[in-house]
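Small disclaimer: the values here were computed from a predicted structure and weren't measured. Only heavy atoms go into these numbers, but all of them, side chains included; no hydrogens, no water, no symmetry mates. Naming convention: chains lettered A, B, ... in sequence-line order (proteins, then strands); numbering from 1 in each chain.
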Amino acid sequence: MAKHRLLALFLAGSLLLAGCWDRHEIDHLAFVLAWGVDQPRSGDELQITGVVARPAVLAGMERGGLMGGGGEKPYYLVKNRSKALNLALAGIVDFTPNQVDLFQVSAIILGEDYARNGVRQMVDFTLRSQEGRPTTYLFVTKGKAADFLAKASPKLKSSPAQALSGLMEATEGPFTAFPVQAYQFAKALLTEGKDPVVPVVEIRGKAAPENQEGVGPTGNSTDAQEIRITGLAVFRKDRLQGTLEGAQARGVLWGLGKKLRRFTIESPRQGETTISNITLKKRLAADVRDPQHLRLTLAVTAKGTVADWPRLKDRFDRHLKEELEKAMAAKIEREIRDSLKKVQKEWRSDVFGFGENLSRHHPQVWRRLKDNWPQVYAGLEVNIVVKPELATTQFGK
Amino acid sequence: MQEQFHHTNDLVTRQFTIGAGLVGAAILYIDGMAGKDVIGMQCIQPLTEHPDRITGNSLTEIESAIFVSNTKKYHEIPRIVQALLSGDAVLLVDQVPTGLILDVKGWETREITEATAETAVRGPREAFVETIRVNTSLVRRKITNANLVFEAFNLGKITRTTVMLAYIKGVAPPELYREVRQRLEQTELDAVLESSYIEEVIDDNPLSPFPSFRYSERPDTVAGHLLEGGVAILVDGTPEVLMAPITLNSLMQTSEDYYYRYPIAFLLRLVRWVALFFGLSVPALYAAVTSFHQELIPTPLLLKIAAGRHGVPYPAFVEILIMEGAFEILREAALRMPRPMGQAISIVGVLVIGDAAVRGGVVSPLIIIIVGLTNISLLAIPNYNLANAIRVWRFILLFLAGPFGMVGLAIGWLWLLTDLASMKSFGVPFLKPFAPFRGEAWQDVFLRFPWWSKTRTAARTQREAHLKRYIGKAVDRVRRNDDG
């Protein structure tokens, strides 16, 4: 009986863990949906820009139709500065009458200058702080994150945060980047012999003309001002080295074995052909027989489907498949080589994880090299092997 | 005899003489309970019509002269009184110390009508009525088998209500009906006006809001229960029949489940279990999550809730309490008020409480959805007693979740589960077949395996064996406790 009483007391006592004093009504909270961070020079104060949701405006907009909401945005920006990231974030509370809630943060935008100075604090916060979420999407923007957030005005989503996570979750996905969540970034950062990459986000396109008569939708043309994913930002350790765009960014995508929705190849007979649904498999290898001349190999298997046929009658040509495969392999190899020129030679960033591969399969060699791996790696020769597979029944026999 | 009844107005005494010997006789009955036509045509007429054919010397002669099919002879006054009270007529003959009881019961009864509380789309329509004899015949018509037994008891010191215990010999475990019989005999009640009187005094778990009996107004449900090895208790004057033993699972089933095609029955049962969870926990979950654990809500939904709550003066917990309270009052009012006022009440309920409260910003729109959803969910639970127990627990959980968040809710759930797990109904654990786990019985929990499935037939025999063993053990334990 005493035992039961003790148990009941224990259970009742555990209720006090979360008592009334921990209660925050939902309307007394300020939800930060995304935040950006800038730091002009290393050692400067960090400048935080938080995107805080305004649910009441959101509700009003919906009642009056998405466009006719009186011009008020359903979010507003709050700025704060401090040496320490968590202090800067916590300090937002001084600017809002509601208690700040960081649990709903879905995107963190790193200003270019801050990223160059090192993002260790940010990684630490997202992984270790109670309020940080390891699944938050990371972005690097060219210029200042504050400017990006100020200029961003998504047409379909109610805030930049939702627009960004929408871009990352869309099935079509961007052609030159892939989603990176905080934990993935940290994993690459903490793995010896591997460096992280992060998608680059920018505002591109013409600004909507000011003083337009009547507030009408402006997002119809492709060059309207909108948030775009433009490429990949390459890091070495926690410092940004540079950004890649277009084919060069795609080179990194190939090498990392990500998926790609579609891309275009050129072949002598077909001209431009689109290959869609490309799935990739990559394999790394290192030849350590000659310790003075390490040879690295990046083998990529690319499977895809031919999406369009500029010249229809050729589709029954049995040699065409080989021709297209050859063209695809050549293009993939060229693009990987192109991006390696920047990533490996110039930035000495091991985004593909050659070092990690070496440490697993040849630990003795790795132990010898790891202290100045970036320098060693930059001087190594990479052998690229691409195995294309166009799986389709459209070729006939 | 009139003395015994304090000269009550409805006791009728008809005096006449029998046969050539002009033997004095009197027939007594209670007006309205005995069939007057039957007494006149079948008792008095044969005895008085041809005075020359009958002597009237012995009771046996008289008995064979009348046309009433069921007669008994009593000489104790109390037994005669009892017979009179239950609607029989008594024939008293001059100089004979024995009264002849004539079974001429014939009071006004309600017709057998369609079931109103437990409606069915497919299946028999008939429902029990207030007359116990009609009810036993309804069950008997479903189970045309000599092994179906009805045992009669007269319970209630003042009311002397007829109560019948029904079971199928050879199907129901003997320990079970012996136990129920014993409990019925031990009851000390003044009155039995409804079956719930019996239910309460022979209850296994008198402190729990959960029922120990299942009741039904449908003869097919009762027959199904008897065929599964249970017992039924019929009470005179009550159109519902009690059934025991029960489990949570059996409370969630309807007889209709067995009339539909089995894949459809599966879907319906699943819907019911989901409704059980909704009716129990949704308000508490809402209060806990919106006030303590905002990080659990997806961002778009969170912003919606926040927008809806903009300007609402009360915390979510109080908000729910207000609306749940309002709903309970409306519900109770709708049950108690005179029927023609129903429409007025529902208009006030829907428009004033619902719409105006939201428009006025006193409560958020989501609360209306939640209160509506929970209460509709409770209506999907087939057993009204169970639904009421869930209603009680919903408030307990809400009071734990409101101030203590998820921790409170978790403790509430634990409390509920331990309570349920410790309950037994006539030796059968309430949570069977979940705990104790009986894999083979799961064929009739969420799923309903078709009748033709061989595993099911095998499982049924196994289940019966289990049932017998459980009840046997429990009864043994009770006996040992009684002895020691």
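Remark: B:D355 engages B:R359 in a salt bridge (Lys or Arg N to Asp or Glu O under 4.0 Å) (not counting sequence neighbours). Judged as a salt bridge (Lys or Arg N to Asp or Glu O under 4.0 Å), and not counting sequence neighbours, the contacts of A:D124 are A:R128.
Proximity to chain A involves both the backbone and the side chain of B:I297, based on heavy atoms less than 4.5 angstrom apart. Proximity to chain B (any heavy atom under 4.5 Å) is restricted, for A:Q162, to the side chain, taken from C-beta onward. For B:L303, the parts sitting under 4.5 Å from any heavy atom of chain A are the backbone and the side chain alike. Contact annotation for A:R54: neither backbone nor side-chain heavy atoms come within less than 4.5 Å of a heavy atom of chain B.
Under a cut-off of 6.0 angstrom, the local environment of CZ in B:F437 is crowded, with over 12 non-hydrogen atoms contributed by other residues, nucleotides or ligands. Residue-environment remark: CH2 (B:W413) exceeds the threshold of 12 foreign heavy atoms within 6.0 Å. Counting non-hydrogen atoms of neighbouring residues, nucleotides and ligands closer than 6.0 angstrom, the OH atom of B:Y314 reaches no more than 12 such neighbours. Other residues, nucleotides and ligands place more than 12 heavy atoms under 6.0 Å from the CD atom of B:E295.
Considering every non-hydrogen atom in both B:Q294 and A:Q104, the closest pair reads O-NE2, 2.8 Å. Of all heavy-atom pairs spanning B:A306 and A:P55, the tightest one is CB-CG, 3.6 Å.
When the options B:T290, B:V289, B:V312 are evaluated for a side-chain contact (heavy atoms from CB on, under 4.5 Å) with A:I26, the one that passes is B:T290.
To the nearest 0.5 angstrom, B:L302 atom CG is 8.0 Å from A:L29 atom CG.
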